[in-house]
Amino acid sequence: MRKVDVCLTPELLHLYEVEKRVVVIVDILRATSCMTVAIANGVEKIIPVAKLEECQSLREKGCVGAAERDGKMPEGFDLGNSPLAYLNNAYAGKTIAMTTTNGTLAIAKSKDAEEVIVGSFLNKTAVINYLIAQPNDVLIVCAGWKGKVNLEDTLFAGAVVEGLKGYFEIENDSVIASATLYNHAKKDMLAYLSACSHVKRLKNLNIQKDIEFCLHEDQFNVIPVLKEDALVDMEKLVLT
Ligand code: MLT
């Protein structure tokens with residue numbers, strides 16, 4: 001039986017098997033939610049980079065520059081990290097260079113995987129159905145916050161684990177912990193997360209709408225997948 005595991009922070013990734021696995025990157029608030037909305041609204045590709053300088057130099061080469069640090073957009077970029085900015089095909093056909101505090105770093109650290117896909121509540125069922133249909137073991141990598149575990153990513157990991165029940169064997173206790181948390185919080189995740197650190201951080205920056213939007217389930221039937229150095233729509237990849 002295939003195995004599923006959950007890595008609660010990229011700081012622990014060295015303890016997990018990544019090769020020969022499908023890695024699901026999770027950064028609910030807000031990087032992977034952004035990536036999902038962007039690809040669902042026609043963005044051609046997203047180049048995730050860990051450093052601001054890398055993002056700036058891609059911007060100078062013609063990409064749209066999207067950057068976030070500590071929830072804010074640093075000077076000299078075109079976009080911050082709000083998923084709402086990509087709605088209504090606002091950046092359809094464009095290439096986005098993206099750097100965020102945690103999400104893009106988690107991608108950079110997972111590049112040895114068989115395949116890297118992006119998960120969020122916005123495309124939850126699409127991700128679960130894809131994982132069930134594909135042959136490999138799975139590792140869910142939570143981006144966390146600067147190396148620390150966060151609740152929102154752990155809840156999403158639990159939601160995926162619940163969806164994979166019966167198809168995958170549980171590997172470590174982090175899998176059970178995340179599923180237990182999700183089952184406890186799922187009836188009202190917004191209320192459950194109201195005291196969590198990044199929700200408070202974003203609220204202090206008057207970024208309430210993004211929080212509510214990122215907790216909506218199954219708004220888009222797309223899966224961003226890493227192809228060489230860019231995230232693209234898996235569907236388009238299959239068709240080419
Ligand atoms: C991150 O990468 O840490 C997040 O996406 C931060 C944010 O967008 O607020």
Side-chain angles (χ1 to χ4, degrees), residues 7-13 23-41 43 46-56 58 64-87 90-91 96-111 116-124 140-157 189-190 193-216 219-220 224 226 230-231:
C7 175
L8 292 172
T9 162
E11 291 301 311
L12 295 173
L13 200 48
V23 164
V24 183
I25 301 290
V26 182
D27 188 342
I28 298 304
L29 299 176
R30 297 166 288 169
T32 59
S33 300
C34 251
M35 294 163 182
T36 303
V37 178
I39 295 292
N41 281 272
V43 162
I46 300 168
I47 306 175
V49 289
K51 299 197 178 84
L52 285 170
E53 302 73 39
E54 293 172 287
C55 195
Q56 192 55 261
L58 286 166
V64 174
E68 169 275 332
R69 287 294 181 271
D70 300 315
K72 290 171 280 198
M73 182 181 88
E75 257 188 59
F77 291 91
D78 309 301
L79 279 171
N81 203 28
S82 173
L84 306 178
Y86 296 96
L87 291 172
Y91 291 88
I96 310 284
M98 184 183 284
T99 184
T100 72
T101 310
N102 305 285
T104 53
L105 187 58
I107 293 175
K109 289 186 171 186
S110 306
K111 285 204 168 153
V116 175
I117 67 171
V118 159
S120 67
F121 283 111
L122 299 164
N123 67 343
K124 181 191 85 169
I140 303 167
V141 176
C142 299
W145 182 260
K146 298 185 179 179
K148 300 186 184 81
V149 171
N150 73 22
L151 276 177
E152 63 272 20
D153 297 346
T154 308
L155 289 185
F156 179 77
M189 286 194 290
L190 190 60
L193 290 172
S194 57
C196 83
S197 56
H198 201 44
V199 164
K200 285 196 278 190
R201 197 175 291 115
L202 292 174
K203 280 183 180 168
N204 290 342
L205 296 168
N206 294 322
I207 300 176
Q208 177 68 29
K209 284 206 183 78
D210 289 14
I211 299 166
E212 291 159 16
F213 181 81
C214 292
L215 297 179
H216 286 154
Q219 303 297 301
F220 305 104
L226 195 65
L231 292 164

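Counting convention: from 1, in listed order, for ligands and their atoms alike.
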Return the minimal non-hydrogen interatomic distance between [X] and [Y], and the atom names on each side.
X: V37; Y: Y86; answer: CG1-CB, 3.9 Å
X: L29; Y: I211; answer: CD2-CA, 4.0 Å
X: T101; Y: E68; answer: OG1-OE2, 2.6 Å
X: F213; Y: L122; answer: O-CD2, 3.5 Å
X: L79; Y: A85; answer: CD2-CB, 3.8 Å

**OP:** Start with the C-alpha gap between T99 and Q56, add the side-chain angles, then the distance that decides, and say whether side-chain contact (heavy atoms from CB on, under 4.5 Å) holds.
**Re:** CA-CA 10 Å; T99 184; Q56 192 55 261; over 6 Å; no
List every atom of ligand 1 that sits less than 4.0 Å from any heavy atom of [X], numbering the atoms from 1 in the order shown and giving each element.
X: N81; answer: 4 (C), 5 (O), 7 (C), 8 (O)
X: G103; answer: 1 (C), 2 (O)
X: N102; answer: 1 (C), 2 (O), 3 (O)
X: A31; answer: 2 (O), 5 (O)

Original post:
Any nitrogen or oxygen of T104, main chain or side chain, under 3.5 Å from a nitrogen or oxygen of ligand 1?
Top reply: no
Original post:
Just checking, is any N or O donor in the side chain of T32 or D27 under 3.5 Å from an acceptor N or O on the other one?
Top reply: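 Checked: T32/D27 side chains show no N/O donor-acceptor pair below 3.5 Å.
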Original post:
Identify the closest protein heavy atom to atom 9 (O) of ligand 1: which residue and atom is it, and at what distance?
Top reply: H198 NE2, 2.8 Å
**OP:** Look at atom 1 (C) of ligand 1 and say which protein heavy atom is nearest, naming residue and atom and giving the distance to 0.1 Å.
**Re:** D27 OD2, 3.0 Å
Subject >> Test item, L202 contacting ligand 1 (heavy atom, 4.0 angstrom) >> reply: yes
**OP:** Report the part of R30 (side chain from C-beta onward, or backbone N, CA, C, O) that has a heavy atom under 4.0 Å from ligand 1; answer both or neither where that applies.
**Re:** both
